[in-house]
Enquirer: 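Structure in structure tokens, see below.
We count ligands from 1, going down the list as the structure has it; atoms in each ligand are counted the same way. Any value given below was found using the heavy atoms of this structure, including those in side chains, with hydrogens, waters and symmetry copies removed.
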Amino acid sequence: MGTKREFGPQRILVTGGAGFIGSHLCARLLAEGQEVLCVDNFYTGSRENLHPLLNNPRFEMLRHDVTMPLFVEVDQIYNLACPASPVHYQFDPVQTTKTSVHGAINVLGLAKRLKCRVLQASTSEVYGDPEVHPQTEDYWGHVNPVGYRSCYDEGKRCAETLFFDYYRQHKVEIKVARIFNTYGPNMHPNDGRVVSNFIVQALLNRPITIYGEGQQTRSFCYVDDLVDGLIRLMASPADVTGPINLGNPHEFTIRELATQVIELTNSSSKLEFFPMPPDDPRQRKPDITRAQTQLGWQPRVQLREGLTRAIAYFERMVREQRREMTV
Ligand code: NAD
Ligand code: UDP
Ligand code: UDP
């Protein structure tokens with residue numbers, strides 16, 4: 001089994017292509033000469049993210065909800081459809097689980113019929129509040145099955161199960177990427193994620209909202225690096241199924257992130273402290289040995305450089321008053 005077209009452009013389906021990571025992935029695939037079919041229901045994504053791509057004759061957009069069956073003809077599938085920020089995925093938790101689980105079943109059924117590769121955008125959230133640090137792929141995780149984050153965490157875990165069962169039972173060629181916190185242009189300014197929140201707050205000289213003491217850690221990967229990892233994974237030999245961690249192993253406390261953002265924006269914002277959300281992981285850092293050895297991949301963009309690029313994006317958005325900033 002392999003991709004159908006061996007020569008010429010591949011026709012590639014990207015679900016969730018109007019979102020933050022998806023829009024970068026679509027742009028990158030087009031730049032490589034591929035044909036892209038973007039499928040999205042615009043739940044958290046936007047047309048604006050796709051604006052630069054709309055005039056490309058190799059780009060096509062279909063408004064569709066992945067919880068419904070999808071009959072199209074493609075050579076590869078990237079399954080990214082799913083709200084990713086805690087604020088968005090907790091807004092309609094039942095729909096979040098449906099998107100992960102029914103969405104996975106539908107893209108896997110599609111891949112099975114087409115005999116094509118399918119890549120799942122899984123997440124470091126499958127490790128929950130991890131007791132193993134840094135997280136390796138063979139760690140099974142520490143996840144609350146009945147909490148506020150469960151719709152996302154357990155939905156993604158079930159999607160991984162489905163991917164591996166379709167692989168074992170139906171010989172579908174799967175790729176499972178466990179994506180760690182990613183940031184960059186095209187993030188939704190009001191989705192409550194820490195990088196976008198802090199940058200917008202700093203640019204508007206509003207208080208920087210730190211949850212807890214800000215001693216929890218995350219490791220932030222710039223979106224271009226992440227997209228590079230996804231494309232390498234898709235192109236890897238058939239026996240490289242993952243799960244495979246994709247993220248930047250440089251770990252920072254949330255307080256350190258706030259300090260860097262304030263400095264880079266020359267902001268007069270002060271830190272303001274709020275209660276920690278329930279089940280918020282205390283630490284997170286990928287072990288990327290597997291991605292290094294199996295994909296020859298590692299991130300290149302340092303936090304300072306990536307933040308500078310993300311700040312330039314949000315600065316433009318604030319200046320042009322393109323959206324109301326609710327942070
Ligand atoms: P995002 O919210 O910007 O993008 C998700 C996209 O999926 C949006 O365009 C949204 O409209 C679309 N979508 C949601 N539900 C859908 C449905 N039922 N049918 C069709 N489209 C639907 O999020 P993102 O940060 O770009 O994340 C993309 C993927 O990567 C997600 O699957 C997410 O779980 C995963 N991921 C992201 C991160 C990160 O740090 N950004 C980390 C780990 C995993
Ligand atoms: N599916 C789809 N597009 C296809 C093929 C299948 O959306 O081109 C959906 C199909 O509707 C089904 C799901 O994928 O609900 C799983 O398909 P599979 O063939 O594995 O299961 P079955 O149809 O036998 O239940
Ligand atoms: N966070 C924060 N202030 C904010 C938004 C988030 O202190 O305004 C914290 C949050 O509690 C978490 C970390 O930053 O510990 C990362 O949050 P995010 O929602 O970006 O991602 P996730 O928790 O899914 O890793």
Enquirer: Go through ligand 1 atom by atom and flag the ones less than 4.0 Å from a non-hydrogen atom of I21.
Expert: 26 (O), 30 (O), 37 (C), 41 (N)
Enquirer: Check each of V195, V39, N41 against atom 16 (C) of ligand 1 and report the one with the nearest heavy atom.
Expert: N41
Enquirer: Measure N197 to ligand 3 on non-hydrogen atoms and call it side chain, backbone, both or neither using the 4.0 Å cut-off.
Expert: side chain
Enquirer: Ignoring hydrogens and geometry, is there a side-chain-to-backbone donor-acceptor pair from E256 to T253 under 3.5 Å?
Expert: yes
Enquirer: For ligand 2, which atoms have a heavy atom of P69 less than 4.0 angstrom away?
Expert: 7 (O), 11 (O)
Enquirer: Considering only heavy atoms, does Q216 approach ligand 3 within less than 4.0 Å through its side chain, its backbone, both, or neither?
Expert: side chain
Enquirer: Of all the atoms in ligand 1, which lie at a distance below 4.0 Å from a heavy atom belonging to H64?
Expert: 19 (N), 20 (C)
Enquirer: Quick one: do the S236 and K175 side chains pair a donor with an acceptor below 3.5 Å?
Expert: yes
Enquirer: Under 4.0 Å between a side-chain nitrogen and a carboxylate oxygen: does that hold for E131 and R282?
Expert: no
Enquirer: Check R218 with D280, please: is the shortest side-chain N to carboxylate O separation under 4.0 Å?
Expert: yes
Enquirer: Kindly say whether G192 contributes a backbone atom to a donor-acceptor pair with the side chain of S196 at under 3.5 angstrom?
Expert: no
Enquirer: Taking 4.0 angstrom as the limit and counting only heavy atoms of K156, give me the atoms of ligand 1 inside it, by number and element.
Expert: 31 (C), 32 (O), 33 (C), 34 (O)
Enquirer: Would you mind checking which non-hydrogen protein atom is closest to atom 39 (C) of ligand 1, with the distance to 0.1 Å?
Expert: R193 NH1, 3.4 Å
Enquirer: Does this structure show an ion pair linking E73 with R113, if we count only N-O contacts that are shorter than 4.0 Å?
Expert: yes
Enquirer: Please state which protein non-hydrogen atom is closest to atom 2 (O) of ligand 1 and give its distance, to 0.1 Å?
Expert: T44 OG1, 2.6 Å
Enquirer: With a 4.5 Å cut-off on side-chain heavy atoms, are L230 and L226 touching?
Expert: yes
Enquirer: Looking only at non-hydrogen atoms, which of C38, G16, C82, S122 approaches atom 14 (C) of ligand 1 most closely?
Expert: C82
Enquirer: Counting from 1, what ligand 1 atoms have a heavy atom of G45 closer than 4.0 Å?
Expert: 8 (C), 9 (O), 10 (C), 11 (O)
Enquirer: Under 3.5 Å between some N or O of ligand 1 and some N or O of I179?
Expert: no
Enquirer: Counting non-hydrogen protein atoms only, what is the nearest one to atom 18 (P) of ligand 3? Give residue, atom name and distance.
Expert: V194 N, 3.9 Å
Enquirer: Would a distance-only check, ignoring hydrogens and angles, find a side-chain to backbone donor-acceptor pair under 3.5 Å from D225 to V301?
Expert: yes
Enquirer: Checking the N or O distance criterion of under 3.5 Å, is ligand 1 in contact with S46?
Expert: no
Enquirer: Counting each atom of ligand 1 from 1 as listed, which ones have a heavy atom of F42 under 4.0 Å away?
Expert: 11 (O)
Enquirer: Starting from atom 10 (C) of ligand 3, which protein heavy atom do you reach first, and at what distance in Å?
Expert: D280 OD2, 3.3 Å
Enquirer: Does M276 approach ligand 3 within less than 4.0 angstrom via side chain, backbone, both or neither, non-hydrogen atoms only?
Expert: neither
Enquirer: Please indicate whether any nitrogen or oxygen in H170 is less than 3.5 Å from any nitrogen or oxygen in ligand 2.
Expert: no
Enquirer: Just going by heavy-atom distances, which of V200, L257, N181, L271 is nearest to atom 21 (O) of ligand 3?
Expert: N181
Enquirer: Which residue supplies the protein heavy atom nearest to atom 7 (O) of ligand 3, what is that atom called, and how far is it?
Expert: Y211 N, 2.9 Å
Enquirer: For the pair Y167 and F164, name the ring-plane relationship: parallel under 30°, tilted 30 to 60°, perpendicular over 60°.
Expert: perpendicular
Enquirer: Has ligand 1 got any nitrogen or oxygen that is less than 3.5 angstrom from a nitrogen or oxygen of S124?
Expert: no
Enquirer: Would one find an N or O of T182, backbone or side chain, under 3.5 Å from an N or O of ligand 1?
Expert: yes
Enquirer: Within ligand 2, which atoms have a heavy atom of I105 less than 4.0 Å away?
Expert: 13 (C), 14 (O), 16 (C)
Enquirer: Do any nitrogen or oxygen atoms of T67 lie less than 3.5 angstrom from nitrogen or oxygen atoms of ligand 1?
Expert: no
Enquirer: Check for me whether A18 has a heavy atom closer than 4.0 Å to any atom of ligand 1.
Expert: yes
Enquirer: Can a side-chain donor-acceptor contact be found between T209 and Q201 if the only test is distance below 3.5 angstrom?
Expert: yes
Enquirer: Could you tell me whether F198 approaches ligand 3 through its side chain, its backbone, both or neither, with non-hydrogen atoms closer than 4.0 Å?
Expert: side chain
Enquirer: Check each of H142, R178, Q135 against Y127 using the side-chain hydrogen bond (donor to acceptor under 3.5 Å, both in side chains) test, and report the only one that passes.
Expert: R178
Enquirer: Establish whether atom 25 (O) of ligand 2 and some protein heavy atom are separated by less than 4.0 angstrom.
Expert: no
Enquirer: Hydrogens and angles aside, do E251 and T217 bring a side-chain donor and acceptor to less than 3.5 Å of each other?
Expert: yes
Enquirer: Ligand 1 and A81, any nitrogen or oxygen pair closer than 3.5 angstrom?
Expert: no
Enquirer: As an exercise, identify every atom of ligand 3 less than 4.0 angstrom from a heavy atom of E125.
Expert: 24 (O)
Enquirer: With a 4.0 Å cut-off on heavy atoms, is T15 touching ligand 1?
Expert: no
Enquirer: Need the ligand 3 atom indices (1-based, order shown) with element for anything under 4.0 Å from a heavy-atom of G192.
Expert: 5 (C)
Enquirer: Measure the distance from atom 13 (C) of ligand 3 to every protein heavy atom, then report the residue, atom name and distance (to 0.1 Å) of the closest one.
Expert: I254 CD1, 3.7 Å
Enquirer: When you measure from atom 31 (C) of ligand 1 to every protein heavy atom, which one gives the shortest distance, and what is it?
Expert: L80 O, 3.2 Å
Enquirer: Kindly assign one of parallel, tilted or perpendicular to the pair F91 and Y43, based on the angle between their ring planes and the thresholds 30° and 60°.
Expert: tilted
Enquirer: What atoms of ligand 3 come within less than 4.0 Å of a heavy atom belonging to R193?
Expert: 19 (O), 20 (O)
Enquirer: Backbone or side chain, does any N or O of N79 fall under 3.5 Å from an N or O of ligand 1?
Expert: no
Enquirer: Tell me the protein heavy atom at minimum distance from atom 4 (O) of ligand 1, and give that distance in Å.
Expert: G19 CA, 3.4 Å
Enquirer: Give yes or no for whether the N/O distance cutoff of 3.5 Å, strictly under, is met between V66 and ligand 1.
Expert: yes
Enquirer: For L246, does its backbone N or O pair with a side-chain atom of W297 as donor and acceptor, under 3.5 Å?
Expert: no
Enquirer: So is there a nitrogen or oxygen of N181 less than 3.5 Å from a nitrogen or oxygen in ligand 1?
Expert: no
Enquirer: List every atom of ligand 2 that sits less than 4.0 Å from any heavy atom of F71, numbering the atoms from 1 in the order shown and giving each element.
Expert: 2 (C), 3 (N), 4 (C), 5 (C), 8 (O)
Enquirer: Taking 4.0 angstrom as the limit and counting only heavy atoms of R149, give me the atoms of ligand 3 inside it, by number and element.
Expert: 22 (P), 23 (O), 24 (O)
Enquirer: At a non-hydrogen distance cut-off of under 4.0 Å, which region of Y152 contacts ligand 1 (side chain, backbone, both, or neither)?
Expert: side chain
Enquirer: Parallel, tilted or perpendicular for Y89 and Y152, by the 30°/60° rule?
Expert: parallel
Enquirer: Distance under 4.0 Å to a non-hydrogen atom of I210: what atoms of ligand 3 satisfy this?
Expert: 7 (O)
Enquirer: Picking from M61, H64, R63, what satisfies side chain to side chain contact (heavy atoms under 4.5 Å, CB included) with D40?
Expert: M61
Enquirer: Would one find more than 12 heavy atoms of other residues, nucleotides or ligands at under 6.0 Å from atom CD of E213?
Expert: no
Enquirer: Any donor and acceptor pair, going by atom type alone, linking the side chain of R309 with main-chain N or O of P185 inside 3.5 Å?
Expert: no
